[in-house]
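On a predicted model such as this, the values are computed, not experimentally measured, just so you know. Reminder, nothing fancy here: chain letters follow the sequence lines and each chain counts from 1.
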Protein chains: 2
Amino acid sequence: MLIFDPMDNCTRIFADSRQINICRNVVKEHQQAFTDLSQVVALAGNEVRLKILFLLTQEKELCPCDLSDILDMTIPAVSQHLRKLKDGGVIRSRKSGQTVFYSVDPSQITLLQPFFQIIQEPLIEVRA
Amino acid sequence: MLIFDPMDNCTRIFADSRQINICRNVVKEHQQAFTDLSQVVALAGNEVRLKILFLLTQEKELCPCDLSDILDMTIPAVSQHLRKLKDGGVIRSRKSGQTVFYSVDPSQITLLQPFFQIIQEPLIEVRA
DNA sequence: TAAGCATTTAAGCAACTGCTTAAATATATT
DNA sequence: AATATATTTAAGCAGTTGCTTAAATGCTTA
């Protein structure tokens, strides 16, 4: 009787077990970078948050209320996105009176720039 | 009696309603680009898929079985990620016998490159 | 054509996401 | 102090995600 074992590797011809091992090591070596980066990229992968990051880049800083107006969303909804971005280290905040101004954390601009170049261009094909 | 209306805009001093309107228009103008881009970025925002994209970039092409070995995951789990990436137009596939080779769609390399530069660098701070 | 291998598909599910509404907090104004 | 304003927090929830396991598909070779 054959028991299902999904971790059984296939016995393909092309497999280069030495190269496979090199890859395993590279992935292991950069494990933390993959975790950190995917977390930031996942934050930017939400349409609302991508817009927020774009707007903060363009306008230097904005408050939750501005963003609520621009994006036509409730303030709590915006605020929760801002919190995630802040927790992820993608944006900063500055308080002035009862207004809180958010801006992109300078250390993240390099990562985000390529996205906004794509946005700004006259719609080059994003999907092949 | 005051009814809760979260869409009520605040009456802040700093608000520049002209500038707010410009922003609204920019967002509306690029709406499709935001939708398309966020979809692709969301795909890359999953740690497993980010690794897959990285590996495909490095190795030119890999089959689900290779990736299963490298990432130490079941083949169905890998296959489901590959399908999402394929559906999103981020990767391509080529069939050779019973083996399917996946590779990054050339049109997406520009977008992905900045990620992998970060991965490859000796861990510059991803989060501030 | 039967058996084996690589891959895909599908059902089931626990965990996560992002919204809504309501209430709380913090600052400003009267 | 009382009221108003800007923001945050929290509970509740519908929808989505990503895994597991099992079964199906598709190609290859005996």
Task: Distance in angstrom units between B/Met73 CE and C/dT7 P, rounded - done: 15 Å
- [ ] Measure from the side chain of A/Lys95, starting at C-beta and using heavy atoms only, and say which of C/dT27, C/dT9, D/dG18 lies closest.
- [x] C/dT27
Open item on the list: For A/Thr99, is there any backbone N or O sitting under 3.5 Å from a side-chain donor or acceptor partner on A/Ser96?
Closed with: no
Task: Nearest listed nucleotide, side chain of B/Pro76, among D/dT8, C/dT9, C/dT17 - done: C/dT9
Open item on the list: Go nucleotide by nucleotide along DNA chain C from the 5' end; which of B/Leu82 and A/Gln80 gets its closest nucleotide reached first?
Closed with: B/Leu82
Open item on the list: What I'd like to find out is whether the side chain of B/Ile52 reaches to under 4.5 Å of the side chain of B/Ile91, using heavy atoms alone.
Closed with: no
Task: Minimum-distance nucleotide to B/Arg49 side chain [options: D/dG18, D/dA6, C/dA6] - done: D/dG18
- [ ] Mark yes or no for whether B/Arg24, through its side chain, and A/Asp69, through its backbone, hold a donor-acceptor pair below 3.5 Å.
- [x] yes
Task: Between D/dT17 (P) and B/Glu47 (CD): distance, integer Å - done: 18 Å
Open item on the list: With a 4.0 Å limit, can you tell me whether A/Asn46 has a side-chain N or O closer than that to the phosphate oxygens OP1/OP2 of C/dG18?
Closed with: yes
Open item on the list: Can you identify which nucleotide, out of D/dG18, C/dG18, D/dT7, has its nearest atom closest to the A/Cys65 side chain?
Closed with: D/dT7
Task: Proximity to the side chain of B/Ala77 - top-ranked nucleotide from D/dT8, C/dT17, D/dC19 - done: D/dC19
TODO: Let me know the distance between NE2 of A/His81 and C1' of D/dT8, rounded to the nearest Å.
DONE: 15 Å
Open item on the list: If we ignore hydrogens and angles and just use 3.5 Å, is the side chain of A/Ser68 paired with the main-chain N or O of A/Thr74 as donor and acceptor?
Closed with: no
Open item on the list: Applying a 4.0 Å non-hydrogen cut-off, can you work out what B/Lys86 is touching in the nucleic acid: base, sugar-phosphate, or nothing?
Closed with: nothing
- [ ] Report the nucleotide, chosen from C/dT7, D/dT7, C/dG18, that has the shortest atom-to-atom distance to any side-chain atom of A/Ile75.
- [x] D/dT7
TODO: Go through D/dA6, C/dT17, C/dT8 for me and flag the one nearest to the A/Thr99 side chain.
DONE: D/dA6
Open item on the list: Output the rounded distance in Å from CG (B/Leu43) to P (D/dT16).
Closed with: 15 Å
TODO: Compute whether any side-chain donor of one residue and acceptor of the other, for B/Gln31 and B/Thr35, lie under 3.5 angstrom apart.
DONE: yes
Open item on the list: Expressed as a whole number of angstroms, how long is the span from B/Leu50:CG to D/dG18:C1'?
Closed with: 16 Å
Task: Between P of C/dT7 and CD1 of B/Ile52, the distance in whole Å - done: 13 Å
Task: Phosphate contact (D/dT9 OP1 or OP2) by A/Arg83 side-chain N/O below 4.0 Å - done: yes
Task: Spacing between B/Gln98 atom CD and D/dA24 atom C1', to the nearest angstrom - done: 15 Å
- [ ] Indicate whether OP1 or OP2 belonging to C/dA6 is found under 4.0 Å from a side-chain N or O atom of B/Tyr102.
- [x] no
Task: Side-chain heavy atoms of A/Phe115 within contact of B/Leu111, under 4.5 Å - done: yes
Task: Toward the 5' end of DNA chain C, by each residue's nearest nucleotide, A/Gly97 or B/Ser79 - done: B/Ser79
TODO: Using whole Å, report how far CG of A/Leu71 lies from C1' of C/dT20.
DONE: 17 Å
